[in-house]
Amino acid sequence: MLRLPSTGTPMEPELLVLGLVALMSFGLSYVGASVGLVFGQLRLPVLVYWLGSPAVAAATSMGISSVAAMVGAARHARAGRVDLRLMATIGIPSAIAAWLSSRIAPQLDPALVKTSIGITLVITGLVMLWAALRPSAKPPPKDEESSASESREAMATARPQLVAELGMGAGLGAIAGVVGLLLGTLRLPAMMKLGVGPARAIGSNMAIGSITGLFAGAASMWDGNIDLWAFGVITPATMVGAYLGASATGRLDKATLRRLIAWSLVGVGVWMTAEPWW
């Protein structure tokens, strides 16, 4: 059975809070979808404290993010920015691992789940800050000889890269199922580090996040860990934001906003990590 709000609680305050979270989620998904993310990291802490259960909040937020990511991924796919090979090597292991770990998450100590969420938020924020501060290096122009040399090097490193992609998919998927985040902020720079071009990395990252979240969300829904009110009110706004944001890829300068979100993640993450142990 899916989780419904208590009938003894007045509906007006609940809907007001959900409406504000939905508005925030719309803005975050619009900004995030344009760079291959959903930015559910700032929605999740609100749901944790409002719903009172870290496991239910994580499952609900994951379901919301996965639907929004699916909408954004469809736009990226139509623009040719989704790599099917990466969907197989990273997406499938990520989805399977997320499905398994999401089945285990409700059995864990709530304080441990909340702490895990907090640590993940801190790490995500720091990764975003590092990416913002690091200067972007422009690749040198390629001639025919260097291109042939790179092709030979690519063939020599194909197997280690395959192992790295499989490991990254399974590892981040397992964490995602517990903390309720698609972890695209961590996956995206890792994919680019493996040599995936920015446009393909953005589109593929969102597509991988969508199937990761769908598998984890399906498992959570089967186990009755989805809050219907939160999911029903917040999901449509997040979907619209993701749809509009995916079409704005490359047109918006979001460096300042990304830094603000990153610092917010670090602050909220530190709070959530420490608060259960006070």
Side-chain angles (χ1 to χ4, degrees), residues 28-29 31-45 58 61-62 64-66 68-69 72-73 76 82-83 86-87 89-98 101-102 105 113 115-134 136 161 163-198 200-216 242 254-255 257-270 272-273:
L28 291 173
S29 63
V31 174
S34 65
V35 291
L37 306 170
V38 180
F39 283 149
Q41 297 96 328
L42 289 179
R43 181 202 320 118
L44 177 56
S61 185
M62 175 70 87
I64 295 168
S65 294
S66 65
H76 286 300
V82 175
D83 190 312
L86 295 175
M87 293 295 294
T89 59
I90 301 177
I92 293 177
S94 178
I96 294 174
S101 63
S102 64
V113 175
T115 300
S116 300
I117 293 172
I119 293 174
T120 305
L121 293 179
V122 171
I123 294 174
T124 302
L126 293 176
V127 169
M128 291 177 63
L129 288 173
W130 173 255
L133 295 174
R134 186 178 55 189
S136 56
Q161 177 157 336
V163 173
E165 291 173 357
L166 292 171
M168 175 175 62
L172 291 180
I175 298 172
V178 173
V179 301
L181 296 170
L182 300 182
L183 300 181
T185 311
L186 302 181
R187 189 187 308 108
L188 181 60
M191 291 169 64
M192 297 181 68
K193 190 74 173 177
L194 292 175
V196 182
R200 279 196 311 137
I202 288 173
S204 301
N205 184 44
M206 179 153 278
I208 292 168
S210 68
I211 65 169
T212 300
L214 286 173
F215 270 64
K254 294 167 285 293
L257 185 56
R258 283 175 68 96
R259 283 195 293 269
L260 178 61
I261 291 174
W263 281 115
S264 300
L265 291 178
V266 172
V268 173
V270 169
M272 292 191 68
T273 301

Peer 1: Which heavy atom of S94 sits nearest to which heavy atom of R187, and what is that distance?
Peer 2: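 So the two residues come closest at OG-NH2, 4.4 Å.
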Peer 1: Side chains of L121 and V266: does their closest heavy-atom pair fall under 4.5 Å?
Peer 2: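 No; the side chains remain at least 4.5 Å from each other.
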Peer 1: For the residue pair E165 and L86, establish whether any side-chain heavy-atom pair is separated by less than 4.5 Å.
Peer 2: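 Yes - at least one pair of side-chain heavy atoms lies under 4.5 Å apart.
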Peer 1: What distance separates I96 CD1 from I211 CD1, expressed to the nearest 0.5 Å?
Peer 2: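 I96 CD1 to I211 CD1: 9.0 Å, rounded to 0.5 Å.
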Peer 1: State, with a plain yes or no, whether a side-chain heavy atom of M168 is found less than 4.5 Å away from one of M191.
Peer 2: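 Yes; the side chains approach each other to less than 4.5 Å.
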Peer 1: Please examine the side chains of R43 and S65, heavy atoms only from C-beta on, and report whether any two atoms are closer than 4.5 Å.
Peer 2: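 S65 reaches R43 side chain to side chain.
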Peer 1: Could you pull out the closest heavy-atom pair between S204 and M87, with the gap in Å?
Peer 2: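 Heavy atoms only, the tightest pair is O-SD, 4.3 Å.
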Peer 1: Quick check: closest heavy atoms across V113 and V178, and the distance to 0.1 Å?
Peer 2: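 Heavy atoms only, the tightest pair is CG1-O, 4.0 Å.
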Peer 1: Work out which heavy atom in L44 is nearest to a heavy atom in S61; give both atom names and the distance.
Peer 2: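 Taking L44 first and S61 second, the nearest heavy atoms are CD1-CB, 3.8 Å.
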Peer 1: If I compare all heavy atoms of T212 with all of A176, which pair ends up nearest, and what's the gap?
Peer 2: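 Reported closest heavy-atom pair: CG2-CB, 4.2 Å.
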Peer 1: Atom CH2 in W130, atom CD1 in I123: separation rounded to 0.5 Å?
Peer 2: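 Here the rounded value is 15.5 Å.
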Peer 1: Which distance, rounded to the nearest 0.5 Å, do you find between the OG1 of T185 and the CG of L172?
Peer 2: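 Rounded to the nearest 0.5 Å, the OG1-CG separation comes out at 10.5 Å.
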Peer 1: CG of L182 to OG of S66: how many Å apart, nearest 0.5 Å?
Peer 2: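 Here the rounded value is 7.0 Å.
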Peer 1: Drop me the distance from L183's CG to T124's OG1, to the nearest 0.5 angstrom.
Peer 2: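 Interatomic distance, L183 CG to T124 OG1, rounded to 0.5 Å: 6.0 Å.
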Peer 1: Determine yes or no for a side-chain-to-main-chain donor-acceptor pair under 3.5 angstrom, with T273 supplying the side chain and I119 the backbone.
Peer 2: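 The answer is yes, because a donor-acceptor pair under 3.5 Å joins these two groups.
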Peer 1: When rounded to the nearest 0.5 angstrom, what distance separates CD1 in I90 from CD1 in I208?
Peer 2: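 Atom-to-atom, I90:CD1 and I208:CD1 are 4.5 Å apart.
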Peer 1: Minimum heavy-atom separation for M62 and G177, please, with both atom names.
Peer 2: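 For M62 versus G177, the nearest heavy atoms are CE-N, 4.1 Å.
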Peer 1: Report yes or no: does Q161 contribute a side-chain atom to a donor-acceptor pair with the main-chain N or O of L194 at less than 3.5 Å?
Peer 2: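 Between the backbone of L194 and the side chain of Q161 there is a qualifying donor-acceptor contact (under 3.5 Å).
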